[in-house]
Structures are given as C-alpha cells and as structure tokens.
Amino acid sequence: MTEKELRRYSRVVVDGDEQAPSRAMLRAVGFEEDDFQRPQIGIASTWSMVTPCNMHIGGLAEEAAKGANDAGGKGVIFNTISVSDGISMGTPGMRYSLVSREIIADSIEAVTGAEGFDGLVAIGGCDKNMPACVMAMARLNRPAVFVYGGTIRPGIKRRDIVSVFEAVGAKSGGKISDAELLDIEQTAIPGPGACGGMYTANTMASAIEALGMSLANSSAQEAVSSDKVADCHRAGEAVMHLIREDIKPLDIMTRAAFENAIAVVIALGGSTNAVLHLLAIAREAEVELSLDDFTRIGARTPVLADVKPSGKYLMSELIEIGGIQPLMKRMLDKGMLHGDCMTVSGKSLAENLAGVADYPQGQDIVRDFDNPIKADSHLAILYGNLAPEGAVAKITGKEGLHFEGTARVFHSEEEALQAILDDAIKAGDVIVIRYEGPKGAPGMREMLSPTGAIMGKGLGKDVALVTDGRFSGGSHGFVVGHVTPEAAVGGPIALVEDGDTLRIDAENKEISVDVSDEVMAERRGRWRRPVSPVTRGALAKYRSAVSSASEGAVTIPPAWDE
C-alpha cells in the first residue's frame with residue numbers, strides 16, 4: 001500500500017494548506033512534524049474509577065499507544081464511559097447498564113469518525129463496554145483490535161462478587177452473621193479486573209477472541225499482569241499490520257466466525273448475555289444470526305469447563321492451565337470450529353492454534369469430550385405460549401431439566417427481592433418478574449440480586465425465576481430470561497397471574513403457562529401498560545428506539561428509504 005493509502009482517513013484531516021488549523025490543534029496535544037505522515041490509531045480507553053473492572057485500563061491504553069507508535073503509527077488515546085453493573089445491581093441505576101452499550105458504541109464511532117483515525121484499538125473491562133467496542137468496530141469497518149482488560153484475582157477463600165450477592169441471601173436466612181457478611185464484603189474484591197468467574201465479562205472476552213477480534217489469549221490474562229501489558233503493546237502493533245494488509249473487521253466477523261464464538265461460549269458454560277451481545281454485534285456487522293443458531297450449534301456442542309457460577313473454578317485458575325486456547329485447539333481438532341476464519345493476528349484461527357499445547361495432565365477444570373459436564377448446550381432457547389418469540393434459559397442440568405410450579409408475579413425486581421428476603425417465596429414457586437425488558441425497565445435490568453438471594457436462601461433447586469429482563473453472568477439456578485415479546489409491549493408474560501401453573505422444559509425447549517387461549521384473550525382485553533416514570537433523557541430515547549431482546553436489543557434505525 002502507498003503512504004496515502006495507509007492514511008486513508010487521517011490524511012483528509014491533516015494534509016494540505018487548508019488543514020493547517022487541524023495540524024495546529026494536534027501540535028498542542030503532542031504531535032511532532034513526522035507524526036502527520038503516520039497512520040493515526042485511535043486508542044479507545046474505558047478507564048474510570050467507577051468500577052474495579054476498568055480502574056487500571058488507563059495504563060493499558062498508554063501501552064497500546066506505545067505499541068502503535070513503535071510499529072510506525074501515531075497512537076491517540078481517548079476515553080468513553082463505563083457503568084458498573086455490580087454497583088448498580090438491584091437499583092434503578094441498573095436501567096442504564098444495557099443502555100450504556102449503545103452509548104459507548106456511539107461514542108467510539110463518533111470520535112473515530114470525527115478525528116479521522118485510520119485504525120482502532122479498543123480496551124474494555126466490563127460487561128457492556130466490551131461488546132460495545134466490537135459493535136463500533138463493525139460499524140466503522142476500519143482495521144481494529146479489541147483488548148480485554150483482564151480478570152480480577154480471587155479474593156480471600158476464592159471469593160468474588162457473586163459471593164457477596166449470595167451472602168445477602170444467606171444473612172437474610174440466618175445462615176451467617178452480620179460480622180460474616182461484612183468479612184465477605186471486605187475481602188471479595190482485592191483489586192482491578194473484571195468479575196472472576198465465567199460471568200459476562202470473561203464470557204464476552206472469550207467470545208470476542210473466538211470471533212477473531214482480539215489477539216490469541218487476550219481473554220485469559222489477569223488484569224494485573226505482565227502478560228496483559230504485553231497484550232496491549234502487541235495490539236498496537238497488530239493494528240498497524242492490519243492497516244498494511246488492509247484487513248478490516250468485516251473481513252473477520254463472518255457468519256462462520258460467529259458460529260465459532262457461540263461454540264466456545266457454550267463449551268465454557270458462559271453467560272446468557274452472550275446471546276444478547278452476539279446478536280447485537282452480528283446485526284452491526286450485517287451478518288444473519290438468530291436465536292435458532294444457538295440451538296443448532298448447541299445441539300452439537302458440550303459444556304466442558306467446570307467454572308463458576310454453576311461450576312467450581314474461577315477464571316484465574318483456568319488461566320493457570322493455559323486459558324481457552326487449548327480448549328479451542330481441541331474443538332478445532334474435533335471439527336467444532338471453522339479453522340479458516342481470519343483473525344486480527346493476520347492469520348487464520350487454525351494457524352493461530354497450530355502450536356498450542358494441550359492442558360497439563362491431571363487438571364480437572366476442562367473436561368474431555370467423553371466426560372462433559374453437559375452433553376449439549378446449557379443455553380436453552382425456549383418457545384411456547386409464554387414466549388412465542390423466544391426466551392433464553394441457563395440450564396446446566398444441575399438444577400434439573402424440567403420445572404413446573406405456581407406463578408408469583410412481580411412488577412419489578414425490587415418487589416421480588418423483598419419477597420425472597422421476607423421468606424414469602426416457597427419451594428415450588430415460579431417467580432415472574434416483568435416490565436424489566438428493554439422497553440419496560442427501560443433498559444433490561446439484570447436479576448443478580450434476586451437470583452443471588454435465592455441461592456443464598458438455599459432455594460436454588462426448588463424455585464424458578466422467569467423474566468423479560470436478563471441475568472448477570474453470575475446468576476445460576478433454574479432461571480429463564482429475555483422472554484419475548486416483553487410485558488411492556490403486551491407480550492403474554494404481561495398476562496400471567498398469581499396462581500397460574502408455569503412449565504419449563506429444557507429438553508424440549510418449551511416454556512408455557514397453563515391457561516387457555518380464551519382466558520388469555522380475555523385478560524388481554526383488560527390489560528393496560530403501567531405508566532412509566534421515565535419521560536425524558538437517555539432512557540426515554542433508548543425505549544423509543546430499542547428492538548426486541550430476541551434481536552439483540554439494538555437501536556439500529558431502519559434504512560433512510562424505508
């Protein structure tokens with residue numbers, strides 16, 4: 001490529017006499033004369049002191065900029081927002097969590113487009129800013145590399161944030177004292193990094209690596225480690241290679257690559273949020289992907305990793321035995337992955353995995369194919385008269401594969417949580433939490449507070465929870481989320497009443513309420529959407545634009561001529 005072709009976007013901003021004002025502004029932020037002849041690499045940092053997931057990313061962004069500079073580019077660091085799910089969980093603030101995914105993607109697109117960056121490195125460390133980074137990359141389609149900020153180290157006694165949520169239920173149930181709850185609170189989060197199990201952050205890091213948008217092993221490095229620093233430096237170098245080779249995100253994010261990501265998420269026992277986020281990324285990349293693809297791939301993909309929340313081990317312990325690369329090599333050798341997919345290394349997935357050694361003998365974190373934790377996917381896409389457009393269940397099999405119980409209906413997460421803590425929920429109940437979907441909340445809050453309380457109360461195998469909201473990657477138990485159509489648009493979940501019998505059948509992929517069509521029609525005639533207190537601002541804008549959870553809850557507008 002010629003020098004001008006390497007600077008496809010930045011030259012429009014800095015070349016020629018008429019752009020002298022632009023160059024003058026850039027000199028003030030540190031540009032030297034020869035920097036104007038270098039490709040400009042935007043370094044999107046999600047640093048903030050809002051959350052431990054992102055508190056270290058400022059330093060990582062500086063390392064990525066160094067990598068770009070050393071490879072002949074000019075790194076330019078800019079920031080975007082992050083909100084903390086773990087802090088806002090169970091409060092009205094959690095409404096902003098999924099909304100922030102769209103804000104972050106929009107902001108990265110806006111800065112990159114406005115400043116004329118030729119390439120992009122984006123560093124994400126928490127649940128929503130990670131898919132948001134990749135959504136922006138798909139929109140922009142300029143050479144780009146995603147870097148995961150890394151997982152947190154375990155707290156004392158292998159504690160993590162979910163330990164705290166479950167301790168709240170245990171304290172309410174009289175199983176632990178005030179002092180024990182305080183001890184767990186004080187020792188669960190020892191420093192920087194994303195939540196330590198195969199929750200949404202580690203799930204999405206693994207999915208993005210399998211998708212080909214991050215360098216090998218980026219998903220399996222602790223936040224505070226020399227490996228993560230080196231990963232960031234290599235990412236800066238890699239984006240320069242992608243510019244020279246003219247390899248762009250849409251060359252990487254093919255349908256086959258999304259199938260790889262889905263398969264790896266399933267093998268790892270990953271978060272239900274991966275369904276929502278992969279659908280959203282695919283929509284941005286204009287790749288056809290649907291809920292049914294998760295069922296199809298799940299039928300041939302076993303759950304192999306014994307990791308939290310439903311399993312035993314933390315991400316740090318998976319890192320110690322080699323991370324996800326040996327698992328991907330095993331899956332490739334079994335024909336479960338498409339090896340010819342391009343990646344941000346400039347090599348195919350198969351080439352990246354060619355020299356990867358297997359896991360050490362005697363480890364029991366990742367099972368062999370002949371001894372899976374579950375023979376098929378734990379992510380069950382359910383349909384039925386309660387969810388005619390689909391719902392997403394996380395069923396590992398440890399909870400059983402069937403549940404039939406009596407509906408206990410709540411119009412918000414807070415109401416349900418209080419009932420659990422007040423011992424008003426009994427074995428055999430199906431907790432129904434509605435008006436928490438993308439439009440209903442608005443913002444599709446996560447239900448970690450009630451699911452954590454259920455587990456802490458010891459009701460994990462005796463109670464089910466069904467919602468049009470979603471779940472934290474830390475949730476486990478008999479849980480079904482993403483029920484569509486959601487209650488706020490008059491979906492069947494809005495018509496369920498206390499005492500109805502609900503049936504969940506993970507084997508046959510069905511979810512139903514034992515009420516006749518005639519009775520449901522009569523209830524629909526009486527139904528009125530509750531008045532929302534949200535009338536303006538980001539939440540109101542999101543509600544007006546957001547699509548169904550079954551489509552990724554994206555805010556992509558129709559084409560201009562539609």
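Predicted model only: the values in this text are computed from it and were never measured.
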**Prompt:** Can you check side chain to side chain contact (heavy atoms under 4.5 Å, CB included) on V265 and L379, steps first, answer last?
**Reply:** CA-CA 9 Å; V265 166; L379 299 175; 4.1 Å; yes
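- Between E413 and P450 the shortest side-chain heavy-atom distance falls below 4.5 Å.
- Put simply, the side chain of R408 never gets that close to the backbone of A419: no donor and acceptor are under 3.5 Å apart.
- A side-chain contact (heavy atoms from CB on, under 4.5 Å) with S550 is found for exactly one of L291, I381, V483, V392, namely L291.
- For the pair S100 (side chain) and I103 (backbone), a donor-acceptor distance under 3.5 Å is absent.
- N54 contributes no side-chain N or O that, together with a main-chain N or O of S48, makes up a donor-acceptor pair within less than 3.5 Å.
- At distances below 3.5 Å, not a single donor-acceptor pair connects side-chain atoms of D514 with backbone N or O atoms of T501.
- Side chain of N141 to main chain of L250: a donor-acceptor pair is present (N/O by atom type, distance under 3.5 Å, no hydrogens or angles).
- Of the possible donor and acceptor atoms, one in the side chain of K374 sits under 3.5 Å from a partner among the backbone N and O of S377.
- In this structure, the separation between CG on N385 and CD1 on I493 is 12.0 Å, given to the nearest 0.5 Å.
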**Message:** Would Y148 and I208 count as a side chain to side chain contact (heavy atoms under 4.5 Å, CB included) here? Give the steps.
**Reply:** CA-CA 9 Å; Y148 177 38; I208 293 167; over 6 Å; no
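- When all heavy atoms are compared, the tightest approach of N129 to S82 is ND2-OG, 3.0 Å.
- Under a 3.5 Å cut-off, the side chain of R95 and the backbone N or O of A441 do form a donor-acceptor pair.
- A salt bridge links E259 to R296: one of the charged nitrogens lies within less than 4.0 Å of a carboxylate oxygen.
- Annotation for L421 and K457: closest pair O-NZ, 3.4 Å, computed over non-hydrogen atoms.
- Around atom CZ of R536, no more than 12 heavy atoms belonging to other residues, nucleotides or ligands sit under 6.0 Å away.
- We find the CG-CZ distance between D293 and R255 to be 4.0 Å, quoted to the nearest 0.5 Å.
- The closest side-chain heavy-atom distance from V496 to R434 is below 4.5 Å.
- Counting heavy atoms from C-beta on, the side chains of V83 and V50 never come closer than 4.5 Å.
- Partners of T295 by side chain to side chain donor-acceptor pair (under 3.5 Å), not counting sequence neighbours: none found.
- Rounded to the nearest 0.5 angstrom, S548 OG and E389 CD are separated by 5.5 Å.
- At a threshold of 4.0 Å, the pair K308-E166 does not count as salt-bridged, since none of the basic side-chain nitrogens sits closer than that to a carboxylate oxygen.
- In this structure, H378 contributes its side chain and G270 its backbone to a donor-acceptor pair below 3.5 Å.
- Annotation for R543 and P442: closest pair CB-CB, 3.9 Å, computed over non-hydrogen atoms.
- Between the side chain of S172 and the backbone N or O of V168 there is no donor-acceptor pair closer than 3.5 Å.
- No side-chain heavy atom of I511 sits less than 4.5 Å from a side-chain heavy atom of L502.
- In this structure, E109 CD and R142 CZ are separated by 9.5 Å, a value rounded to the nearest 0.5 Å.
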**Item:** Verdict with reasoning, I373 to T396, per side chain to side chain contact (heavy atoms under 4.5 Å, CB included)
**Value:** CA-CA 8 Å; I373 291 168; T396 65; 5.6 Å; no
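- Atom CE of M135 is separated from atom NZ of K128 by 12.0 Å, given to the nearest 0.5 angstrom.
- No side-chain donor-acceptor contact under 3.5 Å links T467 and E436.
- Side-chain contact between W47 and I123 is absent, with no heavy atoms from C-beta onward closer than 4.5 Å.
- The number of heavy atoms from other shown groups lying within 6.0 Å of OH (Y383) is above 12.
- When all heavy atoms are compared, the tightest approach of S45 to I57 is OG-CG2, 3.6 Å.
- Considering all non-hydrogen atoms of both residues, D468 and Y435 come closest at OD2-N, 3.2 Å.
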**Request:** Under the side chain to side chain contact (heavy atoms under 4.5 Å, CB included) rule, what do L289 and I262 come out as? Steps first, then yes or no, please.
**Result:** CA-CA 11 Å; L289 198 72; I262 292 170; 4.0 Å; yes
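- L98 places none of its side-chain heavy atoms less than 4.5 Å from the side chain of V546.
- Dense packing is recorded around NZ of K509, with more than 12 heavy atoms of other residues, nucleotides or ligands lying under 6.0 Å away.
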Which pairs of donor and acceptor atoms, one on a side chain in residues 273-287, lie under 3.5 Å apart (sequence neighbours left out)?
| residue | atom | partner | partner atom | Å |
| --- | --- | --- | --- | --- |
| N273 | OD1 | R470 | NH1 | 3.2 |
| N273 | ND2 | T200 | OG1 | 2.9 |
| N273 | ND2 | E446 | OE2 | 2.9 |
| N273 | ND2 | F471 | O | 2.9 |
| H277 | ND1 | R101 | NH1 | 3.1 |
| E284 | OE1 | R139 | NE | 3.1 |
| E284 | OE2 | R139 | NE | 3.1 |
| E284 | OE2 | R139 | NH2 | 3.0 |

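- Remark: side-chain polar atoms of R524 are paired, donor with acceptor, to backbone N or O of G490 under 3.5 angstrom.
- Put simply, the side chain of F146 does not reach to within 4.5 Å of the side chain of L211, judged on heavy atoms.
- Taking each heavy atom of T203 and S271 in turn, the nearest pair found is OG1-N, 3.1 Å.
- With rounding to the nearest 0.5 Å, the separation of CZ in F410 from CD in Q418 is 10.5 Å.
- The closest side-chain heavy-atom distance from I108 to F117 is not below 4.5 Å.
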